[in-house]
Amino acid sequence: MTEPLDPAKLKSALPRKFYDRDPRRVSCDLLGKVLVRTQGKKITAAARIVEVEAYFGPHDAAAHSFIGRTARNAILFGPSGFAYVYFIYGNHYCLNVSCLPDGVPGGILFRAVEPLFGIEDMAQARGMPLNGNLRLLTSGPGRLAQAFGITRERDNGKDLTDARSDLFIADDGFHVPGVLKTPRIGITKSADLPWRFVIGGNPFVSGPRKFQVAVQSSRH
DNA sequence: GGAGCGATGTCCT
DNA sequence: GGACATCGCTCCG
């Protein structure tokens with residue numbers, strides 16, 4: 001677990017320049033930041049980012065942008081800081097944020113978050129009892145998307161750098177104690193590249209234990 | 001706790 | 001037609 005939430009610190013979103021860099025650097029710096037869903041001026045859900053994966057373009061065979069620009073992946077080729085939401089395996093949505101300048105593809109997949117606020121709503125969205133295992137609420141890309149009510153229709157193309165969006169990412173000043181770097185999960189191509197980043201020891205990190213072993217750790 | 005597997009829609013490799 | 005950046009359920013140890 002990380003630390004309690006101070007809603008007063010969630011009023012501003014991370015700026016576009018934050019995302020306008022190498023997705024590996026952005027991934028590392030996104031850990032510990034807060035994903036915020038609002039309705040009107042009210043925060044309805046907030047959760048700390050504890051696991052992400054970096055994806056590139058032409059040189060990353062696992063990336064959706066690897067095949068070149070299509071109607072589906074166009075967001076990844078556009079300016080940074082925008083939500084790329086896709087539907088996978090007939091059941092699940094996955095949330096990404098675009099990185100790198102306009103014209104250069106790249107993005108980051110949100111794989112797990114730690115619920116901080118709005119847990120009742122998340123449980124309802126997941127069809128889970130409130131007294132269930134909290135880890136099952138948001139541990140995994142499909143689960144966190146469902147907990148936040150994220151769909152392609154609703155959120156694809158949304159500007160995550162705008163606190164007036166009903167979905168954005170904020171910095172509440174939390175300091176990440178240790179970042180672990182591991183291979184990415186659930187892919188077959190380029191599966192050896194260590195482009196998955198997690199907050200070491202956080203119980204909301206997804207995946208089997210073997211994927212929680214770091215190939216390299218670093219200070220934030 | 002871990003391996004195996006089916007369900008399911010969208011987009012092209 | 002086949003692949004897919006997943007999940008939840010079995011079955012087995």
Side-chain angles (χ1 to χ4, degrees), chain A residues 19 22-24 26-28 30-31 35 47 49-78 80 82-100 105-113 115 122-129 131-157 160 169 180-198 201 203-213 215:
Chain A
Y19 302 96
D22 185 317
R24 288 167 296 192
V26 181
S27 290
C28 202
L30 261 184
L31 293 176
L35 181 65
I49 299 163
V50 301
E51 174 184 352
V52 294
E53 285 178 357
Y55 288 88
F56 284 82
H59 305 297
D60 180 4
H64 282 192
S65 48
F66 180 69
I67 58 172
R69 190 180 193 130
T70 66
R72 178 170 74 146
N73 66 24
I75 304 278
L76 295 173
F77 287 79
S80 64
F82 286 86
Y84 169 57
V85 181
Y86 65 88
F87 192 61
I88 191 73
Y89 294 116
N91 285 302
H92 308 286
Y93 292 97
C94 292
L95 173 68
N96 300 248
V97 59
S98 61
C99 290
L100 296 169
I108 292 167
L109 169 69
F110 293 77
R111 287 200 53 91
V113 297
M122 293 186 200
Q124 187 172 23
R126 293 268 299 123
M128 284 177 50
N131 57 5
N133 183 357
L134 274 188
R135 194 186 126 86
L136 295 178
L137 273 188
T138 55
S139 179
R143 290 174 182 151
L144 79 86
Q146 189 178 27
F148 270 75
I150 290 167
T151 66
R152 181 178 173 183
E153 296 71 25
R154 180 179 180 187
D155 298 303
N156 192 42
L160 299 180
I169 298 162
L180 302 185
K181 207 165 120 181
T182 86
R184 294 177 292 185
I185 290 184
I187 56 173
T188 53
K189 289 168 279 193
S190 306
D192 54 324
L193 297 168
W195 291 349
R196 172 173 174 259
F197 301 82
V198 310
F204 290 88
V205 166
S206 78
R209 277 204 88 63
K210 64 175 177 173
F211 285 106
Q212 306 193 10
V213 178
V215 292

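Bear in mind the structure is a predicted one, so any value in this text is a computation, not a measurement. Letters go in sequence order (proteins before strands), and every chain restarts at 1.
Scanning DNA chain C 5' to 3' for nucleotides with an atom closer than 4.0 angstrom to a non-hydrogen atom of chain A gives a first and last hit of C:dC4 to C:dG8.
Taking a 4.0 Å limit (strictly below) on heavy-atom distances, residues 139-155 of chain A reaches DNA chain B at A:R152. Non-hydrogen atoms lying under 4.0 Å from DNA chain B are contributed by A:I67, A:T70, A:R72, all within residues 67-78 of chain A.
The heavy-atom pair separating A:D22 from A:L100 by the smallest distance is N-CD2, 3.8 Å. Of all non-hydrogen atoms in A:A62 and A:I187, the two that sit nearest each other are CB-CD1, 3.8 Å. Heavy atoms only, all atoms of each residue included: A:G107 and A:P23 are closest at O-CB, 4.0 Å. Closest non-hydrogen pair, A:A147 versus A:L137, comes out as CB-O, 3.6 Å. Residues A:G57 and A:P105 share a closest heavy-atom pair of CA-CG, 3.7 Å. The shortest non-hydrogen separation linking A:P115 to A:M122 is CB-SD, 3.9 Å.
A donor atom on one side chain and an acceptor atom on the other are not found under 3.5 Å apart for A:R143 and A:T138.
Note on A:Y86: a base of the nucleic acid sits closer than 4.0 angstrom, heavy atoms only.
For A:A125, there are no side chain to side chain contact (heavy atoms under 4.5 Å, CB included) partners at least two apart in sequence or on another chain.
Residues A:H64 and A:Y84 place their aromatic rings such that the two centres sit under 6.0 Å apart.
Projected onto DNA chain B by closest heavy-atom contact, A:I88 and A:H64 fall at different nucleotides, the more 5' of which corresponds to A:I88.
The CG atom of A:N156 sits 9.0 Å away from atom OG1 of A:T151, with the distance rounded to the nearest 0.5 Å. Rounded to the nearest 0.5 Å, atoms OG1 (A:T182) and CD (A:E53) are 7.0 Å apart. To the nearest 0.5 Å, the span separating CG on A:L31 from CD1 on A:I49 amounts to 7.5 Å.
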Taking only Watson-Crick and G-U wobble pairs with both distances under 3.5 Å, what dot-bracket line describes DNA chain B, where [ ] shows pairs that cross earlier ones and | shows pairs with another strand? |||||||.||||.

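The CG atom of A:L136 sits 13 Å away from the P atom of B:dG1 (whole-angstrom rounding). In this entry the distance linking CZ of A:F87 with P of B:dA7 reads 16 Å, nearest Å.
For residues 55-72 of chain A, the salt bridge (Lys or Arg N to Asp or Glu O under 4.0 Å) pairs, not counting sequence neighbours, are A:D60-A:R184.
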